[in-house]
Amino acid sequence: MVQQIESVRRWVEDFAKVLQPDRIEWVQGTREEWDRLTQQLVDGGTFTRLNPEKRPNSFLARTNPTDVARVEDRTFICSEREEDAGPTNNWREPAAMRAELTEAFTGAMRGRTMYVIPFSMGPFGGDISQVGIQLTDSPYVVVSMMLMTRVDDAKAAERIAAGDEWVPAVHSVGYPLVDAEGNTRSDVPWPCNSTKYIVQFPETREIWSYGSGYGGNALLGKKCYALRIASAMGRDQGWLAEHMLLIRATSPQGRAYHITAAFPSACGKTNFAMMRPRLAGWKVETLGDDIVWMRPKADGRLYAINPENGFFGVAPGTGVQTNPNAIEALKENVIFTNVALTDDGDVWWEGLTPEVPEHLIDWQGDDWTPDSPTPAAHPNSRFTVRAEQAPSIAPDWDAPEGVPVDAILFGGRRRTNTPLVMEARSWRDGVYIGATMASEQTAAAEGTVGKLRRDPFAMLPFCGYNMADYWGHWLEIGETLGENAPRIYGVNWFRRGSDGSFLWPGFGDNSRVIDWIAKRLEGEAEGEQTLLGVIPREEEFALEGTEVTDDDWRQLFDLDPRAWLDETEDAARYFAMFGDRLPEPLRERLGELRDRLADA
Ligand code: GTP
Ligand code: SPV
Ligand code: MN
């Protein structure tokens, strides 16, 4: 039991003094706890139990309408020196932040239970895995963590006793039920605070989160640990923590390829990871849909694991047509958040079915009909479900040793300029593609949806240190891997034609891009050299069976030198922000592109 470990007990006691909960519950990770806490959430009005005949052991949660996505402007990287957080992160001096947040934490759990959740990211004991312990006053967070991570008190205690480091993570929704004077108030279905702090201390590997109960703000194993803290660990220890999916694609010839892909939030990772290939003979198995940890190993190759245990997937747009594997995964044991409720006690969201129900209760709990001016489900509404429930899950998806990576994809949501697929000529050029990624913003974070913003490696909100140093770290990993380095590709499923519609069918048809990548890896496709990288020739790309016309194809790969010169000038302005810390190879690549585009 982690309770018997001195360092753990002391830490819990210290925080209990500050947070002042009424009681402490040490979570074991059992079915009994799940049943008790989900029932407690139903009784308290946070959860609605869905019709058990339609969706056994499943629940709908409605959040406070102000607590629906990650809050990037309230996310802080508190390194000792500001330049180590870098210009893309909000920085605060650690001691000042500790003081400020200790004040907010003081008494924050009065009248509540503090849960202690011991968990592992990655299978317990794996050589790329790591443990953590989260404190929280939210039973919603406890049951979500039970799906998203491996919660197991005995196994965590064993790892810590064996000498493993553990990451301490403190979370409060910031809604005490008793104030300093002893006055009580009753609870609300979704307690939270209008002031929020999502704080990482990368050097001491600590997480403090306050005021939000939702997603990456509150399930601290996910973005806070597995990306922000883990990226800083990876920099120090020679590995990578990435905002990536992980799949195994097997060709009609029976060759298996392991592919990772970094797409920004709500840009298609879950859908790609669960793809049913539309190209005959291909098989795609899911290993992960959001986060990947990768490490070069003794055989010289880069090995990847998915440190998570479940999927926290975007609901809208997930339907039988687009993602049948997700739909099957959602049959039972699911927590849905901010989707709509049907009259027969099931869930619905935009894109689930082509027919729209006549009447729903929308994500805010109000009556809804097809005439309503707002969507029934919040655009960032999500499902939480164990990975093992996806029919596409690879049987060995949680193998502790991980899988060797063959190809890495970088992609964003781009209406213009960026081609369907291009291969980087070298690791360095691939790192440049990752570093200069931009994407139209989605509802996954607070901000203006649709606005183009730079999102290098899809890590803008998740890199726990200076982004330029992170690029440098990638370049170093490339040096370590040498000839064994995976090949890197830029992809874009979202380019639009002159009529404004998507040029590429996407989803299961993205298997066609995998097919071309496999041909490249096997030396079976020559491709065409361009300034940006190698693109497919139409005749070597499996287009048959799609409605993509020759004209669409031309538009999908149209490379306008003037537009690309603008892109490159914009990249130069972006790089300038990092001053001397920008790695020389990226400056070089930028210079080459500028010269060649200016001549084109
Ligand atoms: P996070 O969980 O926020 O990190 O997101 P994600 O990258 O896993 O995104 P997800 O797969 O959930 O996709 C988000 C949205 O993109 C959904 O509305 C999908 O329908 C849409 N989408 C995914 N793949 C494609 C595609 O190939 N083409 C098009 N047009 N849309 C897609
Ligand atoms: C993302 O925003 O990239 C997510 C959802 O995967 S959250 O866990 O809320 O960060
Ligand atoms: Mn994500």
Side-chain angles (χ1 to χ4, degrees), residues 63 67-72 75 141 144-145 148-149 198 209 212-228 242-247 261-276 278 286 288-292 306 308 310-319 321-323 325-327 337-338 349-352 375 377-384 409-415 420-421 439-447 449 455 457-462 491-496 501-514:
T63 72
D67 193 21
V68 294
R70 283 181 295 100
V71 284
E72 296 182 359
T75 299
V141 166
S144 298
M145 286 288 283
M148 292 304 297
T149 71
I198 317 298
S209 166
S212 168
Y214 193 46
N217 296 334
L219 313 180
L220 303 186
K222 202 171 172 52
K223 302 301 164 92
C224 301
Y225 182 171
L227 290 178
R228 299 195 189 98
E242 300 299 329
H243 192 204
M244 289 179 170
L245 63 90
L246 178 60
I247 60 167
F263 309 151
S265 301
C267 289
K269 289 184 298 301
T270 304
N271 281 273
F272 191 78
M274 296 188 186
M275 171 194 337
R276 286 204 186 155
R278 295 272 297 272
T286 311
D289 83 324
D290 196 49
I291 300 178
V292 162
N306 164 19
E308 300 192 276
F311 307 123
F312 182 60
V314 177
T318 306
Q321 293 306 314
T322 56
N323 192 347
N325 283 322
I327 297 300
T337 308
N338 287 340
W349 51 79
E350 281 70 20
L352 175 62
H378 186 276
N380 192 38
S381 56
R382 299 213 173 219
F383 53 80
T384 311
L409 277 49
F410 293 124
R413 206 178 261 272
R414 295 295 310 267
R415 310 177 143 258
L420 177 65
V421 56
S439 192
E440 288 137 26
Q441 222 187 306
T442 66
E446 302 286 343
V449 173
D455 190 350
F457 286 73
M459 283 288 278
L460 177 71
F462 309 122
V491 298
N492 177 23
W493 320 139
F494 299 93
R495 197 158 180 177
R496 306 222 190 197
S501 61
F502 289 119
L503 287 163
W504 180 246
F507 302 101
D509 284 306
N510 294 332
S511 54
R512 299 168 192 279
V513 172
I514 296 179

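Just follow the structure's listing: the first ligand is 1, and inside any ligand the first atom is 1.
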Looking at [Y], is its backbone amide N or carbonyl O close enough to the side chain of [X] to form a donor-acceptor pair, meaning the two atoms are under 3.5 Å apart?
| X | Y | result |
| --- | --- | --- |
| N380 | V68 | yes |
| N217 | S212 | no |
| D289 | F311 | no |

Can you tell me which portion of [X] lies within the under-4.0 Å heavy-atom range of ligand 1? Options are side chain, backbone, both, or neither.
| X | value |
| --- | --- |
| F494 | side chain |
| F502 | side chain |
| C267 | backbone |
| D290 | side chain |
| A273 | neither |
| R413 | side chain |
| R382 | side chain |

### Task
Please tell me if the side chains of T442 and C267 come closer than 4.5 Å, counting only heavy atoms from C-beta onward.
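Yes, their side chains come closer than 4.5 Å.
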
### Task
Evaluate the side-chain proximity of T318 to W349: yes if any heavy-atom separation is below 4.5 Å, no if none is.
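Yes; the side chains approach each other to less than 4.5 Å.
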
For ligand 2, which is the ligand I care about here, please tell me if [X] has any N or O atom under 3.5 Å from one of the ligand's N or O atoms.
| X | value |
| --- | --- |
| F312 | no |
| N217 | no |
| S265 | yes |

### From the candidates K223, E72, M148, the one that places a heavy atom nearest atom 4 (C) of ligand 2
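It is K223 whose heavy atom sits nearest to atom 4 (C) of ligand 2.
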
### Message
Please compare F311, F507, W349 and report which has the shortest non-hydrogen distance to atom 25 (C) of ligand 1.
### Response
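Answer by nearest heavy atom: F507.
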
### Query
Using heavy atoms and a threshold below 4.0 Å, how should the contact between F311 and ligand 2 be classified: side chain, backbone, both, or neither?
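No part of F311 is near ligand 2 at this cut-off.
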
### Task
Indicate, as side chain, backbone, both or neither, the part of Y214 found under 4.0 angstrom from ligand 2 when only non-hydrogen atoms are considered.
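The answer is neither.
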
### Task
Check ligand 1 against S265 and write out every atom of the ligand that is under 4.0 Å from a heavy-atom position of the residue.
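Ligand 1 atoms under the 4.0 Å threshold to S265: 1 (P), 3 (O), 4 (O), 5 (O).
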
### Query
Would you say P505 touches ligand 1, if touching means a heavy atom closer than 4.0 Å?
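It does not; every heavy atom stays at 4.0 Å or beyond.
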
### Task
Compute the minimum heavy-atom distance from P316 to ligand 1 and say whether it is under 4.0 Å.
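Yes, that is the case, since the closest heavy atom of the residue is under 4.0 Å from the ligand.
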
### Message
Rounded at 0.5 Å granularity, tell me how far CD1 in I291 sits from CG in N306.
### Response
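Reported to 0.5 Å precision, the distance equals 8.0 Å.
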
### Message
For F312 and Y214, take the angle between the two ring planes, folded into 0 to 90°, and tell me which bin it lands in: parallel under 30, tilted 30 to 60, perpendicular over 60.
### Response
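If you compare the ring of F312 with that of Y214, the planes turn out perpendicular.
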
N or O contact, [X] vs ligand 1, cut-off under 3.5 Å:
| X | result |
| --- | --- |
| N271 | yes |
| N510 | yes |
| G268 | yes |

### Task
Have a look at the Mn ion (ligand 3) and estimate, to 10 degrees, the angle subtended by NZ (K223) and NE2 (H243).
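My answer is 90°, to the nearest 10°.
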
#### Entry: CA sep, side-chain torsions, deciding dist, call: W504, N510, side-chain hydrogen bond (donor to acceptor under 3.5 Å, both in side chains)
CA-CA 9 Å; W504 180 246; N510 294 332; 2.7 Å; yes

### Query
For N338 and S381, does a side-chain donor sit closer than 3.5 Å to a side-chain acceptor?
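S381 and N338 do not have a side-chain donor-acceptor pair below 3.5 Å.
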
### Message
Yes or no: does R382 have any heavy atom under 4.0 Å from an atom of ligand 2?
### Response
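Within the 4.0 Å threshold, so yes.
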
